[in-house]
Amino acid sequence: MTMQLSLNPLVRELHVCSKGFNLLTFTNKILYMKIATYNVNGVNGRLPVLLRWLQESMPDIVCLQELKAPQEKFPLQDIENAGYKAIWHGQKSWNGVAILSRGEAPQEIRRVLPGDPEDLHSRYIEAKVNGLTIGCLYLPNGNPAPGPKFDYKLRWFERLTKHAAELYRSGERVILTGDYNVMPTELDVYKPERWVDDALFRPETRAAFHKLLEQGWTDAIRKLYPGEVIYTFWDYFRNAYGRNAGLRIDHFLLSADVDKDLVIAGVDKFVRGWEKTSDHAPVWIELKDA
DNA sequence: ATGGCAGATGTTATCTGA
């Protein structure tokens, strides 16, 4: 017996009906998987917002950035109570990344981006989950630019690009997602002329992102919404969210055999309107027939 | 062009973010 899932409202209905199960399955076959990324800007301060969003959005896999919590202060009990297994790499005050899964526990592959033993920032964690290799990343901001922080950003980008090439060649189904701190094109930034000298938009930064894409990766949001203004970040100043003065800096990069299963994607922009919210909104994709 | 806001640390402010 088979069931064809062609319409997303049907998928959503089945997903709600399957509450309590780790993955939506039918005759033991995975029909649908939702994967999200969310820069929470402080996982403990953001906990009520994070838990509310998890309950409403019900992603199967979640990548978090900017935990801003040491390893021992990760709110594991609350995350588990919400139905998720988790691995994370914390750091006092800043950075910090995590991978959550409603299905099998994420099997950690690495928690450091290769290439610089002296880089102690918690900005990368990678795991195998549900047959996917998930790289969760928080690329350095790089401001002020030029300067040592910008140099660090570009070096980190080079390490990511080198590692991404190996992942792409591995033949695994790979997703590299997180806060890239890059607006890839002028379409991805409100008033681009004001950002040309910023570390998130400088020519070197955009060139690094495009060089990464040239390995074959698909920018999932841009593929599904070509030409549309879509933002994932609005700063806390000057009513940026109310004016939709945002940036698109949180991205999903998919290897070719993940891209072929891409059904839909979106930004949970409404979360940015909640009280005590992050300056980023969650971004998600949905894959069919893994 | 500037400074505005927010989180963490742990002070009566500093650092960082984007």
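Quick caveat: nothing in here was measured; it's all calculated off a predicted structure.
Distances shown here put a side-chain N or O of A:Tyr138 below 4.0 Å from the OP1 or OP2 atom of B:dA18.
Within 4.0 Å of A:Asn39, counting heavy atoms only, lie sugar-phosphate atoms of the nucleic acid but no base atom. Among the heavy atoms of the strands, none lies under 4.0 Å from A:Asp235. Across all strands, A:Tyr190 comes closer than 4.0 Å to no nucleic acid atom at all (heavy-atom distances). At the heavy-atom level, A:Asn239 lies nowhere under 4.0 Å from the strands shown.
Taking a 6.0 Å sphere around NZ of A:Lys276, one finds it holds 12 or fewer heavy atoms contributed by other residues, nucleotides or ligands.
Inter-residue side-chain proximity for A:Ile249 and A:Leu200 is flagged as met; some heavy-atom pair is nearer than 4.5 Å.
Evaluated for a side chain to side chain contact (heavy atoms under 4.5 Å, CB included) with A:Arg248, the options A:Val229, A:Val267, A:Asp219 yield exactly one hit, A:Asp219. The only option from A:Ile61, A:Asp60, A:Val258, A:Asp259 that meets the side chain to side chain contact (heavy atoms under 4.5 Å, CB included) definition with A:Leu287 turns out to be A:Val258.
Residue A:Lys92 contributes atom NZ, which lies 9 Å from atom C1' of B:dG10 at whole-angstrom precision. Across the protein-nucleic acid pair, A:Glu66 atom CD and B:dG17 atom P stand 8 Å apart, rounded to whole Å. Taking atom NZ on A:Lys276 and atom C1' on B:dC5, their separation rounds to 11 Å, with Å as the unit. Taking atom CZ of residue A:Arg194 and atom C1' of nucleotide B:dG4, one finds them 13 Å apart after rounding to whole Å. Taking atom CZ on A:Arg272 and atom P on B:dA6, their separation rounds to 9 Å, with Å as the unit. For the pair A:Leu64 CG and B:dG7 P, the interatomic distance rounds to 16 Å; values are reported in whole Å. Atom-to-atom, CZ of A:Phe74 to P of B:dA8 comes out at 14 Å; the value is rounded to the nearest Å. The distance from atom CG of A:Leu139 to atom P of B:dG17 is 12 Å, rounded to the nearest whole Å.
Residues from residues 40-49 of chain A placing a heavy atom under 4.0 Å of any atom in DNA chain B, listed by number, are A:Asn41, A:Gly42, A:Gly45, A:Arg46. Proximity of residues 144-155 of chain A to DNA chain B (heavy atom under 4.0 angstrom from any strand atom) is restricted to A:Lys149.
One P atom belongs to B:dT11, the other to B:dC5, and the distance between them is 24 Å to the nearest Å. Comparing B:dT2 with B:dA13, their P atoms are spaced 25 Å from each other, to the whole Å. Separation of the C1' atoms belonging to B:dA1 and B:dT12 is 31 Å when rounded to the nearest angstrom. The same atom, C1', is picked in B:dG4 and in B:dG10; the two are 24 Å apart, to the nearest Å.
Outside the 6.0 Å centre-distance limit, the rings of A:Tyr138 and A:Tyr124 are not counted as a close aromatic pair. Two rings, from A:Phe201 and A:Trp195, have their centers 6.0 Å or more apart.
For A:Asn141, taking side-chain heavy atoms from C-beta onward, the closest of the listed nucleotides B:dG7, B:dG17, B:dT9 is B:dG17. Which of B:dG10, B:dA1, B:dA18 sits closest to the side chain of A:Asn143 comes down to B:dA18.
A donor-acceptor pair under 3.5 Å is absent between the side-chain atoms of A:His163 and the main chain of A:Arg159, judged by distance alone.
For the pair A:Phe237 and A:His121, both in contact range of DNA chain B, the more 5′-proximal nearest nucleotide belongs to A:Phe237. Judged by closest nucleotide on DNA chain B, A:Tyr236 is the one of A:His280 and A:Tyr236 placed further toward the 5' end.
Remark: A:Arg202 is positioned above the aromatic ring of A:Phe150, its terminal NZ or CZ atom under 6.0 angstrom from the ring centre and at most 45 degrees off the axis.
No hydrogens or angles considered: nothing links the side chains of A:Tyr168 and A:Glu166 as a donor-acceptor pair under 3.5 Å. Using a 3.5 Å distance cut-off with no hydrogens or angles, the side chains of A:Asn41 and A:Lys68 do pair a donor with an acceptor.
Here the OH-CG distance, from A:Tyr152 to A:Asp119, works out to 3.5 Å after rounding to the nearest 0.5 Å.
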